[in-house]
Amino acid sequence: MDQLLSFDQIRVIDHSEWSNQVQPVDSFAIDDALCISVGEHLSPPAARLWVHDPAVILGIPDSRLPYLDEAVSFLEKNGFQVIIRNSGGLAVLLDQGVLNLSLIFPDARQLGIHDGYEAMVTFIRRVFAEEGKAIEVYEVKGSYCPGAYDLSMKGKKFAGISQRKVKNGTAVQIYLAVEGSGQKRSEWIRQFYQIALKDASPSFHYPEIHPETMASLEELLQKKMSVKEVRNRIVDELRALSNHLFYNLLSNKEHSWYIERLKQMKKRNERLLEREGF
């Protein structure tokens, strides 16, 4: 088993039912604050679960799309909030059927670039081991936010992983499409790029989206699944991997780091947040 997944203590911060209180900009600022805390060994390794109302989370390269404003307007008119995140990758879609998990590890300077990704892959395979389905790891061409650590079953992607290092902490973040239609989510991102690019030929290669390459877990496993059920599975697996699991929220010190990082996120998203009235 991956050494990163052997915990003496694991701390759980559960924001999976806080979608009306925690905005996407908050989520990335909170993970940064936890990275600092875990990296300084003020907190044990942490796991944060989070869900958001419909939102499209852009990567930094997306902010340079030639017709970005027009594409963002299209998404906003269809009920999506749009922000630019501070971790790697390209556009992803979040909604109430998508569960996000952040695993926060200490000693970032000692971790190789692939260590966090491999730990998350191992963990997700353990969470769904009872299903008896092979979870494959490779870049799924035609999916949104494609990368070497896409998670798929029979060629259809249901999850993607990103990673961010802050100070001496590492946040490994995964979105898991649990409920609903992966193809419908992918169609929104396909239209976003279609509008944002038009006939331009940028030097950066943006993905050509083929919605049929994506699915949710309930589609792939052909049974009803809920975000709450998967959240419970994740917590059960964390409990099995640790000597002591406990829940709590941010400490006063962590909250001050969160406020600092939130200011940075809002600065990064100034133009988009002004459009949305935040």
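Values reported hereafter were calculated over all heavy atoms of this structure, with side chains retained and with hydrogens, waters and symmetry mates removed.
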Do you see a donor-acceptor pair shorter than 3.5 Å between the side chains of [X] and [Y]?
X: D26; Y: Y258; value: yes
X: H41; Y: N168; value: no
X: H52; Y: S27; value: yes
X: K157; Y: S152; value: no
X: Y149; Y: Q163; value: no
X: S37; Y: E254; value: yes
X: D53; Y: Q81; value: no

Is any side-chain N of the basic residue among [X] and [Y] closer than 4.0 Å to the acidic one's carboxylate O?
X: E187; Y: R190; answer: yes
X: E229; Y: K224; answer: no
X: E139; Y: K141; answer: yes
X: R233; Y: D236; answer: no

Next item on the list: Answer yes if the ring centres of H255 and W257 are under 6.0 angstrom apart, and no otherwise.
Entry: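 Between H255 and W257, the centre distance exceeds or equals 6.0 Å.
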
Check: Does the ring centre of W50 sit less than 6.0 Å away from the ring centre of F28?
Finding: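 They qualify: ring centres under 6.0 Å apart.
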
Is a side-chain donor or acceptor of [X] paired with a backbone partner of [Y] at a separation under 3.5 angstrom?
X: Q9; Y: L245; result: no
X: D32; Y: A29; result: no
X: S73; Y: D69; result: yes
X: N269; Y: K266; result: no

Would you kindly confirm whether [X] and [Y] end up in one hydrophobic cluster when ILVMFWY residues are joined by side chain heavy atoms under 4.5 Å apart?
X: F204; Y: F192; result: yes
X: V127; Y: V137; result: yes
X: V92; Y: F74; result: yes
X: V38; Y: V166; result: no
X: I161; Y: I113; result: no

Check: When you look at K223 and M225, which way does the side chain to side chain contact (heavy atoms under 4.5 Å, CB included) test go after all the steps?
Finding: CA-CA 6 Å; K223 67 178 189 179; M225 294 196 81; 4.3 Å; yes

Margin query: side chain to side chain contact (heavy atoms under 4.5 Å, CB included), that's the test. Do E208 and H210 meet it? Break it down for me.
Written below: CA-CA 7 Å; E208 184 177 326; H210 296 282; 3.4 Å; yes

Notebook entry, point to check: Parallel under 30°, tilted from 30 to 60°, perpendicular over 60°: which one fits the rings of H15 and W18?
Noted result: tilted

Next item on the list: State, to 0.1 Å, how close S216 and G180 come at their nearest heavy-atom pair, and which atoms those are.
Entry: OG-O, 2.7 Å

Notebook entry, point to check: Are W188 and D95 close enough, and set up right, to give a side chain to side chain contact (heavy atoms under 4.5 Å, CB included), and what steps lead you there?
Noted result: CA-CA 12 Å; W188 285 115; D95 58 32; over 6 Å; no

Notebook entry, point to check: So R11 and I104, side chain to side chain contact (heavy atoms under 4.5 Å, CB included) or not? Walk me through it.
Noted result: CA-CA 10 Å; R11 172 190 181 189; I104 318 288; over 6 Å; no

